[in-house]
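Accompanying notes for the structure given below.
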Amino acid sequence: MRPEDVPGLPEGVPERLQSGGIEELYPPQAEAVEAGVTEGESVLASVPTASGKTFIAELAMLSSVRRGGKALYIVPLRALASEKKAEFERWEEFGVDVGVSTGNYESSGEWLSSRDIIVATSEKVDSLIRNNAGWVSDLSCVVADEVHLVNDSHRGPTLEVTLGKLRKINSNLQVVALSATVGNAEEVAEWLDATLVQSEWRPIDLKMGVHYGNAISFDDGTQREVPVGKGDRQTSALVADTLDEEGSSLVFVNSRRNAEAAAKRLKNVTAEYLTGEERGELAELAQEIRDVSDAETSDTLANCVAKGAAFHHAGLASEHRRLVEEAFRDRLVKTVSATPTLAAGVNTPSRRVIVRDWQRYDGEFGGMKPLDVLEVHQMMGRAGRPGLDPYGEAVLLAKDSETRDELFERYIWADAEPVRSKLAAEPALRTHLLATVASGFAHTREGLLEFLDRTLYATQTDEPGRLERVTDTVLQYLEVNGFVDIDGDDISATAIGHTVSRLYLDPMSAAEIIDGLEWAADHREEKLRELAGVSDSEARRAASDAGDAESEESAGFRRASEMVPEADGESGDEGEGEREDENVEALETDRTYPTALGLFHLVSRTPDMYQLYLKSGDRETYTEECYEREPELLGNVPSEYEDVRFEEWLSALKTARLLEDWTREVDEDRITERYGVGPGDIRGKVETAQWLLGAAERLAGELDLSSVVAVREAKKRVEYGVRDELLDLAGVRGVGRKRARRLFEAGIETRNDLREADKSVILAALRGRRKTAESVLEAAGRRDPSMDDVDEDEADVPDATFERASERTDRGDGSGDADDPQEQASLGDFG
DNA sequence: GTAGCGGGTGTCTAGACAGCATGTC
DNA sequence: CTAGACACCCGCTAC
């Protein structure tokens, strides 16, 4: 089938496709067209990765828009939203506007109603429905990308329920579902009332095989000699072998540590194959990576990348990930060792994919659990770059012949598992039943069950009464916690229930937060007394503890790495204990109740906050910490004999301490080291805490609790990552935690100071960056922000070179800081 | 004395969505 | 209670 044979497309599109080099549709695409995707028919395309699924969706959306409709494209990851948007924007010349809506990036609700295509995550769509976004009822076409994700126990139910609601709102909605090849595509298609288009066809050949001994055996019966030298490793040999043919490799492993370790080893392989030019480019890239963050991960990654290897996992800062992905696509980085982040994320094809680890630790399972066939297929599907490679190779590794045979059985010859709905689980139903009631989709138990009856779960359950039973349990939970009123047959959401639904909180999180805040209100006086009472002895003890903890470091080193504010004098008071410890500070400044730590702990123990893992020794550390900070915690410490609850309490405390460190301006580097996390994890925790504290603020406001102010301040502090005295400054555009601290130390303590203080002092505090200083002053509302003719106050040029590297990135606008004479001067001072 | 090794022991374990209102270093 | 990779330490050996 040729583009001009496709019915229903907007004028000019077929020509545009042809001029874009598309002569002939891929077979699955043609099949979808025959099934009527461009004529409003619902279709489930169950085809391999990289076989043109997105294009099927595009055809459907374009034709839908042409008929005057509006299309929604649901992505599984935020990172994919912008990728898809960019892809769809090529249709703008045909009058098709594209908008994106995700949690962190929103083109405002109303503006979206003027878009023809909207890209959003399933959670965002769910949230928009809960908040009655008007345009949702205008939809004529919805695309569900990676629809097999309904199989995911955590996020699957959201997709499932959201599709159900969209179809209920728009009775003639066209559903285009895109899925990897799964075991029960017919069943899924039936659920969606869609025509199934199933195919194994791929644009590039994929050879799958297992490496064992000195060769890879492929599924087509061929073999390839890849000898493993003595002391050498399979992975290294396979990467070198690919490089001999100038191909790149993607290595999937089962833990972050393994990803890093593999990259460290593989860099010695890739280093052999680099040209001089590549070395130069990689050196630049390595520097860019170092500039992203001062955490150790950053250095490790940079060292690997400099030699042409990289690792990729969720502990990396998103900037790191982006740089690695881009460099790999540009073939500059020759190999990437990755956890599954890369298998599901943005498109990063590779000549050869090596699935090194096919088992992963699973605490619930109690040991190493084999990966799902679907997941391994997803990884293997990354092999082969269209237009660049003659074919892709996916290789599993076996140490003995039995394993080789098992791997063939288990993954190469096997079909992917069937997709199973995970809806009938309490956590999923808790949130979705409340939302269903709150947004008026049902107002009786029967109505709820009827709604649930249209889900995938209902079509495939083999345990009839289950859904009904869980529904009753959940309804009871919601009623007990005051989120719904049940009056005979009638179910309605309470005011707070509506709020919880709209805030997109798990009702259990909301209940935990409300309990905690009410508990705080009840115990306020008592706890404040306790805090004041112990503060003296506590302070002394805390100070000596900190002394022990820090004893291996010199004060100077600590200052450089941690950038603690007291480094340059906490306005006059130079007492030994003052200078030493953070806990003292907390007790002195957190006069408010609840304290920041208390609130951090509260939100950290909700099910919406992903728990930090307790390492060996952590149990003791945080048990002690728990009793020490007990007056601050909002609720009664569970008994140590209640193992699970106590452990969760401690784990939440660890998270809370991380957040507290962040709001005490402890350096990233130090936080990563102290909590055994990556820079990406800090961002994640901070983001979640911000969201949950925002929700807590709303709940407190609605329940008229006195803690609103404390919650708001804690939220602000998390947002900016600063102590309370910097809140005013950090709120100024262009001023973050570091600049705020510098200004504060230079005596610029408030926004008003920025407007009135001596410019030379400000300039010095911002280390002579005129452009930066000007924009900061402007943002602060100073009348005369110009920095012309201002001399930098020479007396105080803190750490001019220490952070120079990270400063470099804000020259992106070409403002020319580099030839600023002051900058040269401060460099000179250092040398 | 030291680099390189083999073996025993202890440690640790993937990912990532959401409110609201605007902008980090 | 389950599994596997790796870091780390120890002691040995070959130079």
Side-chain angles (χ1 to χ4, degrees), chain A residues 75-79 102-106 108-109 120-128 130-131 152 154-155 158-159 231 252-262 264-265 291-294 313-315 318-319 338-345 356-357 359-363 365-371 375 399 431 499-500 502-506 509 608 610 613-617 668 676 680-681 683-685 687-688 690-698 715 719-721 730-740 742 766-767 769 772 779 803-812:
Chain A
V75 285
L77 292 168
R78 288 197 300 221
T102 64
N104 61 347
Y105 180 71
E106 162 111 47
S108 84
T121 56
S122 47
E123 286 79 6
K124 188 63 185 188
V125 177
D126 188 16
S127 166
L128 288 165
R130 295 182 188 195
N131 288 286
D152 182 283
H154 183 51
R155 300 183 56 205
T158 306
L159 180 57
F252 284 106
V253 298
N254 64 3
S255 76
R256 294 177 178 188
R257 202 169 58 153
N258 286 344
E260 297 191 16
K264 281 186 203 166
R265 273 196 309 273
D291 291 351
V292 170
S293 135
D294 48 12
H313 57 66
S318 53
E319 188 73 1
T339 56
T341 10
L342 217 57
R356 195 194 76 174
D357 301 337
Q359 301 188 96
R360 186 164 49 225
Y361 180 83
D362 181 333
F365 181 76
M368 299 302 275
K369 189 178 177 180
L371 301 184
E375 198 173 353
K399 278 207 263 311
T431 177
T499 304
V500 170
R502 279 197 300 262
L503 286 172
Y504 213 78
L505 279 180
D506 180 334
S509 296
D608 276 311
Y610 193 82
Y613 180 82
L614 285 183
K615 298 183 194 168
S616 77
E668 227 188 356
D681 299 301
R683 275 308 326 162
K685 287 275 171 273
E687 203 176 288
T688 310
Q690 223 173 295
W691 166 55
L692 287 171
L693 286 167
E697 184 188 338
R698 281 281 295 280
K715 187 190 95 172
E719 185 178 346
Y720 301 135
V732 176
R733 184 176 350 115
V735 181
R737 63 200 305 238
K738 295 195 171 173
R739 282 178 188 165
R742 283 175 189 288
L766 296 173
R767 289 165 303 155
R769 316 210 151 271
T772 307
E803 283 191 326
R804 230 180 85 72
S806 59
E807 195 69 18
R808 193 165 308 168
T809 47
D810 68 3
R811 283 189 207 148

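As a basis for the values below, the full set of heavy atoms in this structure was taken, side chains included, without hydrogen atoms, waters or symmetry mates.
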Complement of B:dT22, any strand, by Watson-Crick or G-U distances under 3.5 angstrom: none

Atom-pair distance (CG on A:Asp294; P on B:dT24), nearest Å: 19 Å

d(NZ, A:Lys264; P, C:dA5) in whole Å: 18 Å

Separation of B:dG23 P from A:Glu719 CD (nearest whole Å): 10 Å

Basic-acidic side-chain contact under 4.0 Å: A:Glu375, A:Lys369: no

Sugar-phosphate, base or nothing in reach of A:Val500, heavy atoms under 4.0 Å: nothing

Base-contact (B) and sugar-phosphate-only (S) positions in nucleotides 9-18 of chain B, heavy-atom cut-off under 4.0 Å, - elsewhere: --BSBBBBBB

A:Gly731 vs A:Asn131, nearer the 5' end of DNA chain B by closest nucleotide: A:Asn131

Sugar-phosphate, base or nothing in reach of A:Arg683, heavy atoms under 4.0 Å: nothing

C:dA5 OP1/OP2 closer than 4.0 Å to side-chain N/O of A:Lys399: yes

SB check A:Asp126 A:Arg130 (cutoff 4.0 Å): yes

Most 5' of A:Arg502 and A:Ala740 on DNA chain B, judged by nearest nucleotide: A:Arg502

C1' gap between B:dA14 and C:dA5, integer Å: 16 Å

Set of salt bridge (charged side-chain N to carboxylate O under 4.0 Å, His left out) partners for A:Arg155, sequence neighbours left out: A:Glu123

Sugar-phosphate, base or nothing in reach of A:Arg130, heavy atoms under 4.0 Å: nothing

Base-paired stems in DNA chain C, each at least three Watson-Crick or G-U pairs under 3.5 Å: B:1-13 with C:3-15

Atom-pair distance (CZ on A:Arg742; P on B:dT24), nearest Å: 17 Å

Inter-nucleotide C1' distance (C:dC1, B:dG19), Å rounded: 43 Å

